[in-house]
Amino acid sequence: MNSYFTEYENLEVHELMLKDRPRQEAYHNAILKNKELFKDKVVLDVGAGTGILSAFCAQAGARLVYAVEASNLATKVALDLIEENGLTEVVKVIHSQIEEFVLPATAEKVDIIVSEWMGFYLLHEGMLDSVLYARDHFLKPDGQMFPSECTIYVSPCSVPTLFDYWQNIDGVNMERFASKLRLQKSTRPEIAHLKPKDLLHEGIVFHWMNLMDVDAKELDEIRFKEVVSTQTAGKHQGFCIWFDVRFPGDESVTLSTSPHAPETHWKQCVVVLPEENCENLEEKSPVAFQILMKRNANDSRKYNLEVELLDPNMEEHPVPCSCHMTKCILTEAHLKMMDTS
């Protein structure tokens, strides 16, 4: 058994997810408040885990739910949950990787695919590949995906837990320790809860996907280059990355991992800048950067994140741009004159 799946046999991992109220409420509301989409339908739950999403689908009126789980959780936990809630007539727990799952010979394809596949910064763990495999092999042409859309955001930010906090620890300055700590942590992003006040911008869309048509190959490398104008003054010490997912239905539900939203177990992903690149920025300062999110060649479930600071004087700015550079001030003034004429 792949170590990725055996890690999910640790019940504390599921305890963490099940106690994540924004996560739980989003899936519960997306399914139970759109019962008309599930009534008498066939559902495939990819990576069913404890089976709770399959239970939601059955409660929403699904005729049949395939709860496919690769880890031994399928026989140890999911079966118990389905039996405990009297749902064995509707939910069929199947111990299998989705890539090895086969629909019964006489069975039709499924109407809906449900999955909670998101990892840190959305794509960590690479489970989306399995969900797209399920879509391509088992979903009807007019079927639906829960969730159906996802968006990754990025913003320049302050990281007080790695900088300011260490200036005074009970009357003792520990900035040199903090410098060594940041160096030790510099090989990987920091997964942390940021406060809204730590963001220097509300966030710009880094990547958007419609899960009905995205191709798995598109996930191998995502590159983004932009110039953003800070919306508040502050210390630029890193870049904060978060994601939202949206579910279909008349009762549309969005699960957000933004610093502005209630905290989730995903937190935010923070790429911390080297000390020499940190600076105090005024409001409307231009921040030019490029982000590369590339699948790790040695482990397809992980990604390498690279952030490069660029020279805002050399990069093309969006139009309009609200930064304080002369060319952008003139362009914005010209556009306003055109609007009023």
Using 30° and 60° as the class boundaries, would you call the ring planes of Phe247 and Phe146 parallel, tilted or perpendicular?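 Ring orientation of Phe247 relative to Phe146: tilted.
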In terms of ring plane angle, is the pair Phe239 and His236 parallel, tilted or perpendicular, where the classes change at 30° and 60°?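 Perpendicular.
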Counting only N and O atoms by type, is there a donor-acceptor contact under 3.5 Å from the side chain of [X] to the main-chain atoms of [Y]?
X      : Y      : answer
Glu175 : Gln167 : no
Glu283 : Ser285 : no
Thr88  : Glu83  : no
Gln268 : Cys240 : no
Gln231 : Glu202 : yes
Gln237 : Val159 : yes
Ser179 : Arg176 : no
Ser155 : His201 : yes

Point-to-point distance, once rounded to the nearest 0.5 Å, from [atom1] of [X] to [atom2] of [Y]:
X      : Y      : atom1 : atom2 : result
Glu12  : Met17  : CD    : CE    : 12.0 Å
His95  : Leu79  : NE2   : CG    : 10.5 Å
Asp198 : His193 : CG    : NE2   : 12.5 Å
Leu123 : Ile152 : CG    : CD1   : 5.0 Å

Kindly indicate, with the supporting measurements, whether the criterion side-chain contact (heavy atoms from CB on, under 4.5 Å) is fulfilled by Val68 and Val46. CA-CA 5 Å; Val68 180; Val46 180; over 6 Å; no
In this structure, would [X] and [Y] fall into the same cluster of hydrophobic residues linked by side-chain contacts under 4.5 Å?
X      : Y      : answer
Val271 : Tyr153 : no
Ile291 : Ile204 : yes
Leu53  : Leu16  : no
Met127 : Ile241 : yes
Leu199 : Val205 : yes

With heavy-atom distances below 4.5 Å as the criterion, would you say the side chains of [X] and [Y] are in contact?
X      : Y      : result
Ile191 : Cys269 : yes
Trp242 : Pro259 : yes
Ile222 : Phe224 : no
Pro320 : Thr331 : no
Val154 : Val307 : no
Ile113 : Leu211 : no
Ser54  : Val43  : no
Glu116 : Val245 : no

Please find the pair of heavy atoms, one from [X] and one from [Y], that lie closest to each other, and give the distance.
X      : Y      : answer
Leu18  : Gln24  : O-CG, 3.3 Å
Tyr303 : Asp220 : CE2-O, 4.3 Å
Glu9   : Ser71  : CG-CB, 3.9 Å
Gly249 : Asn34  : CA-OD1, 3.4 Å
Asp45  : Ser115 : OD1-CA, 4.4 Å
Val93  : Ala78  : CG1-CB, 4.1 Å

In this structure, are over 12 heavy atoms from other groups packed under 6.0 Å from [X] atom [atom1]?
X      : atom1 : answer
Arg21  : CZ    : yes
Lys92  : NZ    : yes
Asn313 : CG    : yes
Lys197 : NZ    : no
Lys180 : NZ    : no

Trp266 and its ring pair (Phe, Tyr, Trp, His ring centres under 6.0 Å) partner, picked from Tyr121, Phe120, Phe243: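 Passing option: Phe243.
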Step by step, work out the side-chain contact (heavy atoms from CB on, under 4.5 Å) result for Glu308 and Leu292. CA-CA 9 Å; Glu308 181 184 0; Leu292 175 63; over 6 Å; no
For the residue pair Tyr66 and Phe138, is the inter-centroid distance of their aromatic rings smaller than 6.0 Å?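 No, the ring of Tyr66 stays outside the 6.0 Å limit from the ring of Phe138, centre to centre.
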Side chain to side chain donor-acceptor pair (under 3.5 Å) partners for Asn10, two or more places apart: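 Asn10: no side chain to side chain donor-acceptor pair (under 3.5 Å) contacts found.
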Given Glu316, Gln290, Glu315, the one that forms side-chain hydrogen bond (donor to acceptor under 3.5 Å, both in side chains) with Lys225: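 Only one option passes, and that is Glu315.
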Is the closest basic N to carboxylate O distance between Glu190 and Lys185 below 4.0 Å?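 Yes, this pair counts.
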side-chain contact (heavy atoms from CB on, under 4.5 Å), that's the test. Do Ile98 and Leu44 meet it? Break it down for me. CA-CA 10 Å; Ile98 195 66; Leu44 173 59; 4.0 Å; yes
Walk me through it: do Leu181 and Trp166 pass the test side-chain contact (heavy atoms from CB on, under 4.5 Å)? CA-CA 10 Å; Leu181 178 65; Trp166 300 99; 4.0 Å; yes
Side chains of Ser256 and Asp244: do they bring a donor and an acceptor to under 3.5 Å?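 Result is yes, a qualifying pair exists.
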